[in-house]
Amino acid sequence: MIDMKLRSDAYDWDFESLLDYGNVTPTIQFRMIPENSTVMDVGCASGKMGNVLRERKNCTLWGMEYNPFSIEKAEATGAYQKIFRTDLNQFDSETYAQLDSMFDVILFGDVLEHLVEPLEVLEKFKRFLKPDGYFVISLPNVSHISIKIDLLNNEFTYTPTGLLDCTHLRFFTHKTFPSFFGNLGLKILEATGTVIPPKWKKFDRLPLSCRRLLLRDIHSWVFQYVLKVGISEDDVNVLEEHNRQKMAFTKNSLPSDIYFFNDRTHYYVNVYFPSLRKFFFEEVEI
């Protein structure tokens, strides 16, 4: 049984002080949303993102959320024109026909992984975008190095939040996205992510060959992907190839200034990421 109040509290954190830090998912989402745009914030939680978008970018916000405790908090910000209480697993787009072609941006921040049929939901939301509108989507990376290490130790443990959040129903890697979006007629316009290292004690216990493999694969270090995705009339095969190229990350695909945080209140600069970049892109002995 999910405690809705505890879930609401878990996502009630203020990221405004992190907007100067590149390695935070909401910061990247914020940067992908233009000023003076009309935004649908799907899964708006306590409304912190909407409030910052209104105050800093003069955006017009609408929201959708299922958790009543979160809706109460989001409404209290005064940032949203309206917040719909919505169960996306039972979503009927005809109910919201008044929103057709209304939004410059539809934000799905850590939402699709919680859905039974995320493809169907995205398809239903396409009608709400303006002709030149796009989605901003963040998704956790199930092939993150921490999960790979745990699997090598026969571990796969769900947690209250995080990559293995106990409410996650769908899992994604960078190889999932080309066809996932291509089959919906969606084109990846921009792709980046956040970087989080593993627990080093577990990493150091791996065989040398495993450590080398993980260090060479940049996608093993991506904690969450953040994508800007638009509607395209291109053929599915063309879209898949385009999306595949967009997900072929290089050293320029991720934030240049990397900051890590150990909880949602206290932050610190990660001092060893520059050396990790050598492992990503240079041949070095381990």
Side-chain angles (χ1 to χ4, degrees), residues 10 21-25 28 110 112-114 118 137-181 188 191-227 240-241 243-264 266-286:
Y21 295 77
N23 195 41
V24 185
T25 297
I28 301 172
D110 304 346
L112 297 178
E113 64 271 23
H114 297 272
I137 298 170
S138 59
L139 289 163
N141 177 25
V142 77
S143 66
H144 183 257
I145 189 169
S146 62
I147 295 180
K148 289 179 176 178
I149 292 172
D150 282 347
L151 286 172
L152 288 170
N153 289 288
N154 300 312
E155 297 175 7
F156 193 83
T157 305
Y158 284 92
T159 53
T161 60
L163 292 175
L164 293 180
D165 185 312
C166 59
T167 65
H168 286 180
L169 302 178
R170 297 286 182 165
F171 298 94
F172 302 87
T173 76
H174 75 281
K175 291 187 176 180
T176 311
F177 300 136
S179 60
F180 179 81
F181 292 116
I188 298 175
T192 185
T194 59
V195 178
I196 300 286
K199 294 180 180 178
W200 292 111
K201 288 184 179 180
K202 285 188 173 183
F203 180 80
D204 290 342
R205 289 198 293 265
L206 293 176
L208 177 60
S209 58
C210 291
R211 283 184 281 152
R212 280 187 169 144
L213 178 65
L214 293 173
L215 286 170
R216 296 291 187 266
D217 176 22
I218 189 171
H219 288 281
S220 290
W221 300 85
V222 176
F223 189 78
Q224 282 188 306
Y225 292 101
V226 188
L227 309 169
E240 286 192 20
E241 180 55 32
N243 292 343
R244 192 172 294 110
Q245 292 177 14
K246 279 291 186 180
M247 296 309 303
F249 278 13
T250 69
K251 64 182 180 181
N252 297 318
S253 301
L254 298 171
S256 57
D257 297 319
I258 303 300
Y259 296 83
F260 296 97
F261 57 93
N262 57 353
D263 60 40
R264 290 171 173 173
H266 304 93
Y267 318 105
Y268 65 95
V269 177
N270 185 292
V271 296
Y272 47 79
F273 186 75
S275 63
L276 292 180
R277 287 176 69 91
K278 294 181 180 179
F279 292 126
F280 289 161
F281 309 113
E282 299 175 14
E283 289 298 319
V284 296
E285 291 299 323
I286 301 172

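Quick note: residue numbers are just sequence positions, from 1.
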Separation of [Y] [atom2] from [X] [atom1] (nearest 0.5 Å):
X	Y	atom1	atom2	value
F223	I147	CZ	CD1	8.0 Å
I188	E240	CD1	CD	10.5 Å
S146	K202	OG	NZ	8.5 Å
L112	I137	CG	CD1	5.5 Å
F171	L139	CZ	CG	12.0 Å
D217	H174	CG	NE2	6.5 Å

Side chains of D150 and F156: closer than 4.5 Å at any heavy-atom pair?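 A side-chain contact under 4.5 Å is absent here.
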Could you check whether any side-chain heavy atom of S143 comes within less than 4.5 Å of a side-chain heavy atom of K148, counting everything from C-beta outward? yes
Have a look at Q224 and tell me which of T192, D110, N141, T194 forms a side-chain hydrogen bond (donor to acceptor under 3.5 Å, both in side chains) with it.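 It is D110; the other options fail the test.
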How close do [X] and [Y] get, counting heavy atoms only, and between which atoms?
X	Y	value
L206	R211	O-NE, 3.1 Å
D165	Y158	O-CD2, 3.5 Å
L163	H144	CD1-CB, 3.6 Å
N153	I149	ND2-O, 2.9 Å
L227	A191	CD2-CB, 3.5 Å
S138	T25	CB-CG2, 3.6 Å

Test V142 against E113 for side-chain contact (heavy atoms from CB on, under 4.5 Å), laying out the working first. CA-CA 11 Å; V142 77; E113 64 271 23; over 6 Å; no
Verify whether the ring centers belonging to Y225 and F177 lie closer than 6.0 Å.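 Yes - the distance between ring centres of Y225 and F177 falls below the 6.0 Å cut-off.
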